[in-house]
Amino acid sequence: MARILITSAIPYINGIKHLGNLVGSQLPADLYARYLRGRGHEVMFICATDEHGTPAELAAAKAGEPVETYCARMHQVQKDIAQGFRLSFDHFGRSSSPQNHALTQHFAGKLAENGLISEVSEKQVFCKTDNRFLPDRYITGTCPECGYESARGDQCENCTKQLDPTDLINPRSAISGATDLEVRETKHLYLRQTLLKDRLAAWIDSKTDWPILTTSIAKKWLNDGDGLQDRGITRDLHWGVPVRKGTEDWPGMEGKVFYVWFDAPIEYIAATAEWANAQGLEDAAWQRWWRTDLGADDVRYVQFMGKDNVPFHTLSFPATIMGSGEPWKLVDYIKSFNYLNYDGGQFSTSQGRGVFMDQALSILPPDYWRWWLLSHAPESADSEFTWENFQASVNKDLADVLGNFVSRITKFCRAKFGEALPAGGTLGPAEAALTAELSTRIHAYETAMEAMEVRKAAAELRALWVAGNEYLQAAAPWSVIKTDADQAAVIVRVSLNLMRLYAVLSRPFIPDASAAMMQALGCTDWDWPDDVAAGLNVLPIGHEFAVADVLFEKITDEQRSDWQARFSGVRS
RNA sequence: GGCGAGGUAGCUCAGUUGGUUAGAGCACACGACUCAUAAUCGUGGGGUCGGGGGUUCGAGUCCCCCCCUCGCCA
């Protein structure tokens, strides 16, 4: 039994996420967590809301609420929706938690002790119209590197160069558009990433099994232009983690907070601490996941995220961990995703384009979305959601192939033998062939799952469902029963056991349907079929079951065109 | 116009370090079956891998040029 720590990129507190966000991190992370639990491994699956920074302040102001109230409310909203999608976090934390405050301050203190923090008195942009210092991303201007005219103050979207706001040429406020900006003197802390560049580069180079998408982005940031730069980690804001050196005051930093990108990844650790505290456990309970000196040396740590998050997870956060000089767990594998497009364009939070998580759940149960999104996950390239494809995939895969298998075998048994596994007959060559095929396919499924090849795993699972229909079709118990009831009984017993197998194997993808299948079978044995022959013999002769309701209703053409119309515009 | 990402069967996509007749699912056609959510199973048609050069014994897979699409920005 292995121990695996899984984190999903933490969604920003500001608003409900769309399906593209969901499939880019939380959902595949959940798939992986559920699979590993199903195999009997010990899993810690962590997510949280990312709550600090100016966008939260502005959204709260717009909602007419104090920022603390706004964040608490939106956290609960996101938590409920995550539950709606059956995301099986062990803990869904908050980056504004006391635990994260303490840990963020702790890391800053350690980094300072190790000479990795510099205090820089710099000139920062203050907007008189907005009456505030403008954070990096709220200043637009021309990129000094490539001449792109709408570069943001933190990064040029055009050339991906990391920037500081004062690098921009012709800056203006992105909040008001005002140009009455003035530069004021303010002191900030910088993380001296340049001193860690060689260690980071060597570490990235050692990750030869990482996806190209992950390492190529990391290397680009390490080596492009002047290479990795020192990074400001504090801001002149009110909402955030107050700057402190561990538990000590930090002279000259009064009234300032840490930059959101400094404290957000630390929340992965803090959320695990939140989990332990919520469970009434000692610190050792979470430290054994994160401290290699306190039990985490045998933990495998896997992160899931969209490609836009890769630089922070391959460089900034590891710099924090390494720079602390303490034995914190570094990530072992980063699974990154491309973007999901919506019907010919992009999903867009700012434009309200596409289907959002709450809307999705209002029209269909989570399994439908989970199946489609995971079986079409944007792993190797951006992929596309269309309503036609969604309808076709769901109807064919879930209703026709899996749902109908369950339906046909349970109803056949009820009609011919009653609602219990019938006695008689012995396994023959057809069952031996089925067992062999299932073994091969389950192995392929496991291999894909362990490699986090999501689409491939979905295809293998589907092939397993098809194998059941093939077996039934060839065995034809509805014909056999006319001359050999014992033989028909064997086929039915094997098929009903196969249904249980499907429930177990499918659970990571479609947990509700799996639960419904198991409930219909009156079974609570979720053991993974390491031995397929034994796995097909779990439900004994005489075991009673019930015919379940239709597992998956088909999506009608009327529903499809209705939703297509309803979600064609922008969200109001 | 700038930058970025792509162009493989009607649709959504796979195609490992270049190597035998380019694959899957859906859709379509035909056949089988009738237990089942008009479901299932089998067979088949269908692609000059955007175009043109080049490297190579051999390129969807490497290099160059061009065309087109999408995104962001002007």
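Here is how names work: the chains are called A, B, and so on, in the same order as the sequence lines, proteins then strands, and each is numbered from 1. These numbers were taken from a predicted model, which means no experiment stands behind them.
A/Q303 places no side-chain N or O within 3.5 Å of a backbone atom of A/I334 that could act as its donor or acceptor partner. Of the possible polar contacts, none joining the A/N395 side chain to the A/A392 backbone as a donor-acceptor pair under 3.5 Å is found.
As rounded to whole Å, 12 Å separates atom P of B/rC26 from atom CH2 of A/W371. The distance from atom CH2 of A/W465 to atom C1' of B/rG25 is 13 Å, rounded to the nearest whole Å. A straight line from CG of A/L373 to P of B/rU12 spans 17 Å, rounded to a whole angstrom. With rounding to whole Å, A/F552 atom CZ is found 17 Å from B/rA39 atom P. One atom, CG of A/L402, and another, P of B/rC41, lie 12 Å apart when rounded to the nearest Å. Whole-Å rounding puts the A/Y471 OH to B/rU40 C1' distance at 15 Å. A straight line from CZ of A/R462 to C1' of B/rA14 spans 15 Å, rounded to a whole angstrom. Here B/rA39 presents its C1' atom at 14 Å from CG of A/L398, a figure rounded to the nearest Å.
Aromatic ring centres of A/Y32 and A/F304: separated by under 6.0 Å. For an aromatic pair to be called close, the ring centres must be under 6.0 Å apart, and A/F567 with A/Y342 fails this. A/F390 has its ring centre no less than 6.0 Å from the ring centre of A/W371. Checked against a 6.0 Å centroid threshold, the rings of A/F385 and A/W372 count as neighbours.
Distances shorter than 4.0 Å separate some side-chain N or O of A/K411 from OP1 or OP2 on B/rU37. Listed pair A/R408 / B/rU34 fails the phosphate criterion, with no side-chain N or O lying under 4.0 Å from OP1 or OP2. Phosphate proximity of B/rA39 to A/K396: absent, as no side-chain N or O sits under 4.0 Å from OP1 or OP2.
Nucleotides B/rA22 and B/rA29 place their P atoms 26 Å apart, quoted to the nearest Å. The separation of B/rG15 from B/rC41, taken at their C1' atoms, amounts to 28 Å, rounded to a whole angstrom. Distance noted for atom C1' between B/rC57 and B/rG2: 43 Å (whole Å). Look at the P atom in both B/rC3 and B/rU61: the space between them is 24 Å, to the nearest Å. The separation of B/rG23 from B/rU40, taken at their C1' atoms, amounts to 24 Å, rounded to a whole angstrom. Rounded to whole Å, the P atom of B/rG60 lies 10 Å from the corresponding atom of B/rG50. To the nearest whole angstrom, the two C1' atoms, one in B/rG71 and one in B/rC65, are 24 Å apart. Distance noted for atom C1' between B/rG19 and B/rG45: 28 Å (whole Å).
When each of A/F412 and A/D400 is assigned the nucleotide of RNA chain B with its nearest heavy atom, A/F412 is the one assigned upstream, toward the 5' end. When each of A/N389 and A/S479 is assigned the nucleotide of RNA chain B with its nearest heavy atom, A/N389 is the one assigned upstream, toward the 5' end.
Both stacking criteria are satisfied for A/W478 over the base of B/rC35: a centre-to-centre distance under 5.5 angstrom and an angle between ring planes under 30 degrees.
With B/rU12, B/rA32, B/rA39 as the candidates, the nucleotide lying closest to the side chain of A/Q473 is B/rA32. Candidate nucleotides B/rC13, B/rG42, B/rA39 were compared by shortest atom distance to the side chain of A/E470, and B/rG42 ranks first. With distances taken from any side-chain atom of A/R455 to the nucleotides B/rC13, B/rU37, B/rU40, the minimum falls on B/rC13. In this structure, of B/rC41, B/rC26, B/rU37, it is B/rU37 that holds the atom nearest to the side chain of A/S407.
Figure legend. B/rG10 is base-paired to B/rC26; pairs are counted as Watson-Crick or G-U wobble with both atom distances under 3.5 Å. The nucleotide B/rU69 finds its pairing partner in B/rA5, both defining distances of the Watson-Crick or G-U wobble pair being shorter than 3.5 Å. In this entry B/rU37 has no Watson-Crick or G-U wobble partner, no candidate having both defining distances under 3.5 Å. Pairing for B/rU55 is absent, judged as Watson-Crick or G-U wobble with the two contacts each under 3.5 Å.
Looking at heavy-atom distances under 4.0 Å, A/Y339 makes no contact with the nucleic acid at all. Among the atoms of the strands shown, base atoms are found under 4.0 Å from some heavy atom of A/L551. Contacts of A/V466 with the nucleic acid, taken as non-hydrogen atoms under 4.0 Å apart, involve only primed sugar atoms and P, OP1 or OP2.
Counting distance only, with no hydrogens placed and no angle test, the side-chain atoms of A/N404 and the base atoms of B/rA36 include a donor-acceptor pair under 3.5 Å.
Note on ring orientation: taking the six-membered ring where Trp is involved, the planes of A/W261 and A/F312 are parallel (angle under 30°, cut-offs 30° and 60°).
Classification of A/R86 and A/D512 as a salt-bridged pair holds, one side-chain N sitting under 4.0 Å from a carboxylate O.
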